[in-house]
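Written below as structure tokens is the structure these notes are about.
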Amino acid sequence: MAAAFLAGLVLAYGGMLALCLGLERHYKQVWQRLPAPSLRRALRSGGWLALGASLAACVAAWGWAMGPVGWFGLMSLAGFGLVLLLPYRPLLAVYLPLGLAPLVILIVASGV
């Protein structure tokens, strides 16, 4: 259950980040250049896919009765973390899910 919770949190953060970077304003804030239109579409699509995968992880952890409720909570937590990081440390906000991915893989593989 802890693995599904952590995977749901990381996927929710990654999805919110991808949706955020799908906007020209935030992409330029992080990378100091405008994104190509195809990259913006890919980021938005990837963000929605990651949020869907986060919902699936929450349902796997808590079932259909509480999974969507937990998912909204995790999305709120991920969005709040992104709002706090993006203005002050934009590159940390981008690289945080990449740093957490190996940890999630290890926890899922160990079955904790």
Look only at the side chain of [X] and the backbone of [Y], and say whether a donor-acceptor pair between them is shorter than 3.5 Å.
X     : Y     : value
Ser76 : Phe72 : yes
Trp71 : Met66 : no
Arg44 : Leu19 : no
Tyr95 : Pro90 : no

Indicate, with yes or no, if [Y] and [X] share a hydrophobic cluster defined by side-chain heavy-atom contacts under 4.5 Å among Ile, Leu, Val, Met, Phe, Trp and Tyr.
X     : Y     : result
Met16 : Leu21 : yes
Leu51 : Leu11 : no
Leu91 : Leu98 : yes
Leu82 : Phe80 : no
Leu92 : Val83 : no

Identify the two heavy atoms, one from [X] and one from [Y], that lie closest to each other, and give their separation to 0.1 Å.
X     : Y     : answer
Ala12 : Ala78 : C-CB, 3.8 Å
Gly8  : Ser54 : O-OG, 2.8 Å
Leu43 : Ala18 : O-CB, 3.4 Å

Problem - Tyr27 side chain near Leu39 side chain, heavy-atom distance below 4.5 Å - result: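 They are in contact (side-chain heavy atoms under 4.5 Å apart), so the answer is yes.
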Exercise for the section: Taking the side chain as every heavy atom from C-beta outward, state whether Leu9 and Leu77 have any atom pair closer than 4.5 Å. Expected result: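 Counting from C-beta outward, Leu9 and Leu77 do come under 4.5 Å.
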Going by atom type alone, with no hydrogens or angles, which donor-acceptor pairs under 3.5 Å involve a side-chain atom of residues 28-37 and a protein atom two or more places apart or on another chain?
unit_1: Gln29; atom_1: OE1; unit_2: His26; atom_2: ND1; d: 3.4
unit_1: Gln29; atom_1: NE2; unit_2: Leu86; atom_2: O; d: 3.2
unit_1: Gln32; atom_1: NE2; unit_2: Gln29; atom_2: O; d: 3.2

Handout entry: Single hit among Leu85, Val10, Leu17 for side-chain contact (heavy atoms from CB on, under 4.5 Å) with Leu96
Key =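 Single pass found, and it is Leu85.
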